[in-house]
Each structure stands twice: as structure tokens, then as C-alpha cells.
Chemist: 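There's a structure below that I have some questions on.
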Amino acid sequence: MGSSANTETNGNGAPPSSNQKPPATNGGDASHPPPPSSALDQAIIESDPSKKRKMGMLPLEVGTRVMCRWRDGKHHPVKVIERRRIHNDYEYYVHYTEFNRRLDEWTQLDQLDLDSVECSVDEKVEDKVTSLKMTRHQKRKIDETHVEGHEELDAASLREHEEFTKVKNIATIELGKYEIETWYFSPFPPEYNECVKLFFCEFCLNFMKRKEQLQRHMRKCDLKHPPGDEIYRSGTLSMFEVDGKKNKVYAQNLCYLAKLFLDHKTLYYDVDLFLFYVLCECDDRGCHMVGYFSKEKHSEEAYNLACILTLPPYQRKGYGKFLIAFSYELSKKEGKVGTPERPLSDLGLLSYRGYWTRVLLDILKKHKGNISIKELSDMTAIKAEDILSTLQSLELIQYRKGQHVICADPKVLDRHLKAAGRGGLDVDVSKLIWTPYRDQS
């Protein structure tokens, strides 16, 4: 993803060795070397007014808007969020205004088109809708995970959040066999402030600054799966329930890791109050984390899910849909309805609306006769308000004589089911062996 912040060579490659003679220029002889580069640059600048104007802009101010060459080879509008001096040059941390903040990155000067500089002002946080504007294709390509939005924040709180988290502190992580580029800032302890890359143990989630430390740790670490109870296994998939109070360090490390890919307002430090459900792919080397969701042990609002994440290497494989479905199977076991914690981002609502649509329409297709919202809620563990809003969005419900009536034309149901897409991996309920937290001794 773009330029790496820990690249050690500049755009010209390694510097020449000290005994290398300067090349002859314009047919001249090497015994009469050209003037120093600074003098050459000055001569070029004096003879080229446009270059003189460009050099006068540098270094670019925070807030400058300019066109930047992205990984697709095309130039896109960016806003300079931060800058830092590397030797005699500057690097610029930019936000691509067409895309989500996860694509923000450090760039070199040669990626910026100085002819396109619009302004150089220290602006406040730009309009949130504009900064997160994406095409439907870009959303589908980039997102599968449920990413929390900031709809609950007022302007001042949003400004404070974006200022505190504006620059990614960790560029990449190593987790198991994958090197993963991060999306967002995560508040690791101060001793990791200078780290560009972190190395995670994929089993206990301890993180280290150097590869050698990880290798030493792996020789001592006894874990081959997340701590806690294995509550589900079907084929190569396993789900582990981890109690944040019993496994506090693991749960905190999981939150640090997840925050690199979730743009939450805050990070849960009080993990004692949460249960974490960690989904793994298993092989002869152990159980490798794919994603997870968390839920409160006791939720007054009937939330059955707090945070959810599928790690980037495992996205677009149906795991996110599996995690949502699993959260509802737990609600069924508890004998109560559930709903995800609010507020939902636009993309989060799309993920859940897709799940609710598939589940509800499958029932309506098979059911003979009338069925009520209450009966649908009892069958699915989906909260009545979520059922009502889903059916209303599909225009499958009408209000007649003081009550809601579901209109289930088979052709209309088929059309909506096709639009909702595939349901992902199925949860085999017969493989779920679980006792609700309230019933655990």
C-alpha cells in the first residue's frame, strides 16, 4: 500500500561511493568537474521561473491541498495532514480526500504535483461526508469488515478524535505468516512510539519491536490457540470464548491489534466487562486467528455484539458474515433477542442489513400463512425494531387498520434475496457447545 515509512533508500537508490569520480557533462572532461549540485540547482531555478515558484512553496504547509500519485499510477486529490524532516528533505503524510482514512500514508515529494497546489492553510477537520466519500465499487473492493463510524460525535469531539489519531503510528505488523499494512492509529504504550513495524505472536498476541525477539518468544510460548474455551469446531474452523477478566493481557493485546483496523472513537481498556469470540483456521501448527467479535457480559440494551473485525488477509471469504450469524446463534442459546451496539456506520449497517434480509426472506419464502414481527423475532433472535426497519427498507410491509402487514410476493422476495448476495459460511449449530455467561459458575 503506497510508500513504506521504513524504506531506507531514497528515490535515487544508494549514494555513490566516496572514491567515485563525478561523470563528465556536455562532452567535457572529468578532470573539470561540474559545480556543486546546489549551484546547479540554483542556476536551473534562476532560469526557470516555474521551478523557482515551486521551490518557494517548499516545504508544503500542513493543510495544503495538492494532487498526489497513488498506487494506481493516477493522481488523486490529497490534503497534507502532517510533515516530517528526513535529512534535508521532507516527507508528507496525506489524506486522499476521495477515500477512507485507512488509506492515508507518508509520501515523497516526487509523488506530489506541485503545479496543482490549491492552498496552504491550516484548516480544521474537513467535512466528514466529503472525507469519507467513496464509490460503491470502492466500498465493495476495500470493505468487508464492520467499521465503526463517528455518528455519535459532535463537531468538537470529532475534531479532537481526528487530531489525536490523524497519523498512523504503526505502518505494518507481522502476524503469523502474514505481513499486514495497518489502517489506523492505535494507542500502543509510549515505548513503542518509534516503532514502524511490530511483530505479534499469533497465539498469545504479545507484540515485540524486533523479529529476533519474536523468534525467541516463539521458542518459549506454549500456546497454540487463543486462551479460553473452544466452543465451536466444524472442519478447520474453531471459535474460542475468551473472558476479558480471566485473560486480561490477551484481551488488551487483541484490542491494540484490532484498533489498527477499526476507526473507533475509544479503545476498551476495561476488558473485564467483555467476552471475546475469536475465530480461527486450524492446521497442524495450531489455530490461527481470522477475526473476532466482542460482546458485553451484561448489556442493558440487549447488545449481542460490540466490536467485530475480520483481519485483512482473510477478508472477502465470508468470515464477517459468519461472525454476525454466530452472534445471533449465541443470542438464541441465551433465549433472548439481540442487536449490534449502536451507532452503526453506513458500511456496518449494510453488512447487518444484508444478514437481516437473507434470514428474514428465507423464512418468508418457506412460511405458509400469516406471520407476525414478534414471531419472526422469536425465530431469529433479531430485535423487532431491526426486523421492522429491514422490511420497510425493502417495501415489504404496510400499515393497515392500526397494524403492520407483511407483503410477501414470491417474485419480490427472490429479487431482494438476489440483491442481498451470498450468505457466507454457515454456522453448524450442532457443533456449538456453549453455556451462556449468566449460567456459568
Side-chain angles (χ1 to χ4, degrees), residues 140 144-146 231-232 234-235 237 239 277 279 291 293 295 299 301-305 308 310 317-342 344 346-434 436:
R140 180 169 53 82
E144 184 196 38
T145 60
H146 163 47
I231 62 172
Y232 178 89
S234 178
L237 279 187
M239 183 75 83
Y277 295 89
L279 180 64
F293 70 89
K295 63 180 290 187
S299 174
E301 297 85 358
Y303 293 146
N304 64 355
L305 185 146
I308 180 172
T310 304
K317 297 182 179 180
Y319 288 126
K321 297 169 184 174
F322 179 90
L323 291 169
I324 291 174
F326 200 94
S327 70
Y328 279 101
E329 293 302 334
L330 297 187
S331 292
K332 292 176 187 177
K333 288 273 190 180
E334 290 175 309
K336 56 187 182 183
V337 298
T339 189
E341 187 172 311
R342 299 304 198 272
L344 284 172
D346 290 343
L347 296 173
L349 180 58
L350 283 175
S351 298
Y352 268 91
R353 186 60 58 76
Y355 171 79
W356 294 329
T357 297
R358 286 186 297 272
V359 170
L360 295 173
L361 298 197
D362 276 340
I363 292 175
L364 293 178
K365 277 192 66 175
K366 298 171 184 175
H367 188 78
K368 304 298 181 184
N370 296 329
I371 189 169
S372 69
I373 301 290
K374 175 68 166 57
E375 289 171 324
L376 284 172
S377 182
D378 291 341
M379 295 169 68
T380 62
I382 300 172
K383 200 172 183 179
E385 291 83 349
D386 296 331
I387 294 175
L388 189 58
S389 68
T390 300
L391 295 179
Q392 285 175 334
S393 72
L394 299 172
E395 299 181 348
L396 293 177
I397 199 163
Q398 297 178 2
Y399 195 69
R400 297 176 186 170
K401 298 180 180 179
Q403 62 181 356
H404 291 101
V405 179
I406 299 172
C407 306
D409 180 273
K411 292 182 179 179
V412 175
L413 296 182
D414 287 337
R415 187 173 74 247
H416 285 310
L417 276 170
K418 184 177 181 180
R422 294 181 296 108
L425 303 171
D426 292 327
V427 179
D428 185 348
V429 183
S430 68
K431 305 293 178 63
L432 174 60
I433 303 173
W434 180 70

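Here the structure is a predicted model, which means the values were calculated and not measured. What's counted below: heavy atoms across the whole structure, side chains too, no hydrogens, waters or symmetry copies. Each residue takes its place number in the sequence, starting with 1.
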Chemist: Give me the atom names and distance for the closest heavy-atom approach of Gly320 to Ile308.
Modeler: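 Minimum heavy-atom separation between Gly320 and Ile308: O-CD1, 4.0 Å.
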Chemist: Hey, what's the ring geometry for Tyr277 with Phe293, parallel, tilted or perpendicular (30° and 60° as the breaks)?
Modeler: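 Because their plane-to-plane angle is under 30°, the rings of Tyr277 and Phe293 count as parallel.
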Chemist: Rounded to the nearest 0.5 Å, what separation is found between the CZ atom of Arg353 and the OG atom of Ser393?
Modeler: 4.0 Å
Chemist: Salt-bridged, Asp426 to Arg358, with N to O below 4.0 Å?
Modeler: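 Salt bridge flag = no for Arg358 with Asp426.
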Chemist: Please report the interatomic distance CZ(Arg415) to CG(Leu361), rounded to the nearest 0.5 Å.
Modeler: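 One finds 11.0 Å between CZ of Arg415 and CG of Leu361.
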Chemist: For Val337 versus Ser377, what's the shortest heavy-atom pair and its separation?
Modeler: CG1-OG, 3.2 Å
Chemist: With rounding to the nearest 0.5 Å, note down the distance linking CD in Glu395 to NE2 in His416.
Modeler: 7.0 Å
Chemist: Counting C-beta onward and ignoring hydrogens, is there a side-chain heavy-atom pair between Tyr303 and Lys383 closer than 4.5 Å?
Modeler: no
Chemist: Given side chains that start at C-beta, do those of Leu425 and Phe326 come closer than 4.5 Å, heavy atoms only?
Modeler: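 Heavy-atom side-chain distance check fails, nothing below 4.5 Å.
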Chemist: In terms of the angle between their ring planes, are Tyr355 and Tyr328 parallel, tilted or perpendicular, with boundaries placed at 30° and 60°?
Modeler: parallel
Chemist: Closest heavy-atom contact between Tyr319 and Leu237?
Modeler: CE2-CD2, 3.7 Å
Chemist: Dump the intermediate steps for side chain to side chain contact (heavy atoms under 4.5 Å, CB included) on Ile382 and Thr390, then the final yes or no.
Modeler: CA-CA 11 Å; Ile382 300 172; Thr390 300; over 6 Å; no
Chemist: So, for Asn370 and Glu375, which heavy atoms are closest and what is the spacing to 0.1 Å?
Modeler: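 Residues Asn370 and Glu375, closest heavy atoms: O-OE1, 4.4 Å.
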Chemist: State, to 0.1 Å, how close Met239 and Leu279 come at their nearest heavy-atom pair, and which atoms those are.
Modeler: SD-N, 3.7 Å
Chemist: Is any side-chain heavy atom of Leu360 less than 4.5 Å from a side-chain heavy atom of Leu394?
Modeler: no
Chemist: The test is side-chain hydrogen bond (donor to acceptor under 3.5 Å, both in side chains); show your working for Asp386 and Thr339 and say whether it passes.
Modeler: CA-CA 8 Å; Asp386 296 331; Thr339 189; 2.7 Å; yes
Chemist: Over all heavy atoms of both residues, which pair between Gly291 and Leu323 is shortest? Give the atoms and the distance, please.
Modeler: C-CD1, 4.4 Å
Chemist: Measuring from Glu385:CD to Leu388:CG, what's the distance to the nearest 0.5 Å?
Modeler: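 Atom-to-atom, Glu385:CD and Leu388:CG are 8.0 Å apart.
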Chemist: Using side-chain heavy atoms (C-beta onward) and a distance below 4.5 Å, is Arg342 in contact with Pro340?
Modeler: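 Heavy-atom side-chain distance check passes, below 4.5 Å.
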Chemist: With side chain to side chain contact (heavy atoms under 4.5 Å, CB included) as the test, would you mind laying out the steps for Trp356 and Leu391 before giving the verdict?
Modeler: CA-CA 9 Å; Trp356 294 329; Leu391 295 179; over 6 Å; no
Chemist: If you measure from NZ on Lys336 to NZ on Lys333, what distance do you get to the nearest 0.5 Å?
Modeler: 15.0 Å
Chemist: Taking only residues two or more places apart in sequence, or in another chain, which ones meet Ser331 in a side chain to side chain donor-acceptor pair (under 3.5 Å)?
Modeler: Asn304
Chemist: Drop me the distance from Ile371's CD1 to Lys366's NZ, to the nearest 0.5 angstrom.
Modeler: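 These two atoms lie 12.0 Å from each other.
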Chemist: Ignoring hydrogens and angles, tell me if any N or O in the side chain of Lys321 forms a donor-acceptor pair with the backbone of Arg422 under 3.5 Å.
Modeler: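 Pair found, side chain donor or acceptor close to backbone of Arg422.
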Chemist: For side chain to side chain contact (heavy atoms under 4.5 Å, CB included), just list the numbers for Leu376 and Val359, CA-CA rounded to whole Å, side-chain angles, deciding distance to a tenth of an Å, and then say yes or no.
Modeler: CA-CA 10 Å; Leu376 284 172; Val359 170; over 6 Å; no
